[in-house]
Amino acid sequence: VRLIPFKPRCTPRKRLRQTMSGAAILGLLLLGAASAAEGRRLEPSIPDFEAQSPEHRRLRPAAAAAAKPNFVLIQTDDQARWDMVAMNKTARLIRDQGATFNNYMVNTPICCPSRTEIFSGRYYHSVGAPNGTCMHVNSKQWVFDETSLFSTLQSNGYLTGVFGKVTNDQGGYFCREKRADGMTMVSSPCDYNDFYGTEYFVKLANGTKYVEKLDHKLATTYQTAQIGNRTIDWINEIAKSDPGKPFLAYLGPHAPHYPADPAPWQVDNIFADVKAPRTPSWNESCPDKHAMVADNPPLNANATLFLDHQHQIRLLSLLSVDDVIEDVYNALDKLGLLDSTYIIFTSDHGYHLGQWNVPSSKEQPYDTDIFVSTFIRGPGIAAGSAVDAMVGNVDVAPTIIDLAGAKIPDGMDGKSMAGLLKSEDGSALGEAKPWREAFLIEYKS
């Protein structure tokens, strides 16, 4: 299996200068370092990276924080930990220059609940489950709640920009209702499932809201490039019109979620020899597990070919996400904002490809689905450091709010991870507090 090293053989990505025209509850306590099913963490294979320039090897010490830090939160869709083989730039620029969370999990390994949890800092059972309207949760309520990540930061003087997929029902609350509470700027697709969709909900800082319709005659309407360019344009505009104003930019690529369309300029399948990971539970009968995985027939040759192909196109779709992350990083650097900005990379949950004879999906309370590659770089964080404590998606919002110097809203189930992050001298970035020894996994299927 040829995973590494590789160099993307594709035409350079040109930035699109698009002007915006104006069943059962699955409850599992993970004790200590124990993990279900596989019995081990799935460590991605990452190649050695080219030498970094001296000025980027380490963050300069955090500025004597007269100003509040900025945040860029990047959340991919359905990304397994083994998919990091396609993201050399992200690993080099974020992981290697910051901290890795070795035991980052999601409370509910399926799209809408997990995304609602990350924006609200609340567990599945705290966001309307099991009677909510989006995979059993009330995502619209909690994305826009006054105690959500976006509203809390906005009420504490932050500009908040939202680009890409937020939750699965955003076509309703964005494009039909034109709702954007707590969000200064929005530029997100109405149909995130269409990688070449032409309709975007836009909310401008002056309050103007409309649905933008792109011209099919554009060089490309490829969604990953669109939301990347829109994010960078917004950051550039802030630096020009509101210099010094703190911001949160949320970037939500749909990749590598099915159909995982690669970029049109990605013409070579550089992963043609790569197969879906054959973990110990791959194509294995598991009659001792719950009903959704206990009674599946073995994968036949056609199913195996499909899974290998799906793995390849998922990796190809992530190459463009990797490009976007590098572009955002470079834009921050060019503007002199890199050392005052925390960049967080994560996914809404993991993914399985043939484990327990189940072809492909998420939703299971096992390693492949609940563990997610998560990194943070930013002011004061030691390069190459690691956090082994059990952390999760419900901890992201309270961590960002804490690092912003704001009060964490009452009712959040998550905790700030700042006290787990180490600086170059070994001191913690935040107050060290007793940490959890178990993490809750739950969903009604």
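The first residue in the sequence is number 1, and the count goes up from there.
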K.L.:
Which label fits Tyr158 and Phe71: parallel for a plane angle under 30°, tilted from 30 to 60°, or perpendicular past 60°?
P.N.:
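It falls in the tilted class, 30° to 60°.
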K.L.:
Does a side chain donor of either Gln310 or Ser360 reach within less than 3.5 Å of an acceptor in the other side chain?
P.N.:
yes
K.L.:
Do Gln355 and Thr279 get their side chains close enough for a donor-acceptor pair, meaning under 3.5 Å?
P.N.:
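On atom types as modelled, these side chains qualify, holding a pair under 3.5 Å.
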K.L.:
How about Asn206: does its CG atom have over 12 heavy atoms from other parts shown lying under 6.0 Å from it?
P.N.:
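Buried by this count: over 12 neighbours within 6.0 Å.
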K.L.:
Hydrogens and angles aside, do His349 and Asp78 bring a side-chain donor and acceptor to less than 3.5 Å of each other?
P.N.:
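Side-chain D/A pair, His349 to Asp78: present.
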K.L.:
Donor-acceptor pair, Ser114 side chain versus Ile110 backbone, under 3.5 Å?
P.N.:
no
K.L.:
Among Ile376, Asn393, Ile118, whose side chain to side chain contact (heavy atoms under 4.5 Å, CB included) with Thr346 holds?
P.N.:
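With Thr346 as partner, side chain to side chain contact (heavy atoms under 4.5 Å, CB included) holds for just one option, Ile118.
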K.L.:
Checking Asn229 side chain against Ala225 main chain: does a donor-acceptor pair fall under 3.5 Å?
P.N.:
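Yes: the side chain of Asn229 pairs with the backbone of Ala225.
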K.L.:
Thinking salt bridges, do Asp145 and Arg122 make one under a 4.0 Å N-O criterion?
P.N.:
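The answer is no: the pair does not qualify as a salt bridge.
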K.L.:
Within the 3.5 Å criterion, strictly below it, is a donor on Tyr173 or Thr167 matched to an acceptor on the partner's side chain?
P.N.:
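Short answer, yes.
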K.L.:
Mark yes or no: Arg314 above the aromatic ring of Tyr351, with NZ or CZ under 6.0 Å from the six-membered ring centre and no more than 45 degrees from the axis.
P.N.:
yes
K.L.:
Using the six-membered ring wherever Trp is involved, compare the ring planes of Phe247 and Trp234 and label them parallel, tilted or perpendicular (cut-offs 30° and 60°).
P.N.:
perpendicular
K.L.:
Is it the case that atom NE2 in His309 sees more than 12 heavy atoms from other parts of the structure closer than 6.0 Å?
P.N.:
no
K.L.:
Under a 3.5 Å threshold, yes or no: a donor from one side chain and an acceptor from the other, between Asp77 and His254?
P.N.:
yes
K.L.:
Quick one: does Tyr250's side chain have a donor or acceptor within less than 3.5 Å of a partner on Lys165's backbone?
P.N.:
yes
K.L.:
Taking atom types as modelled, is there a side-chain donor on Gln266 or Tyr222 under 3.5 Å from an acceptor on the other?
P.N.:
no
K.L.:
By side-chain hydrogen bond (donor to acceptor under 3.5 Å, both in side chains), which residues pair with Thr304, not counting sequence neighbours?
P.N.:
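Partners of Thr304 by the side-chain hydrogen bond (donor to acceptor under 3.5 Å, both in side chains) criterion come out as none, since no residue qualifies.
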K.L.:
Does Lys433 have more than 12 heavy atoms from other residues, nucleotides or ligands lying within 6.0 Å of its NZ?
P.N.:
no
K.L.:
Counting only heavy atoms not in Tyr258 (residues, nucleotides, ligands), do more than 12 fall under 6.0 Å from its OH?
P.N.:
no
K.L.:
Given the ring of Tyr200, does Arg230 sit roughly above its face, with NZ or CZ under 6.0 Å from the centre of the six-membered ring and within 45° of the axis?
P.N.:
yes
K.L.:
Out of Phe163, Tyr210, Phe201, which residue meets the ring-ring contact (aromatic ring centres under 6.0 Å, His included) rule with Phe174?
P.N.:
Phe201
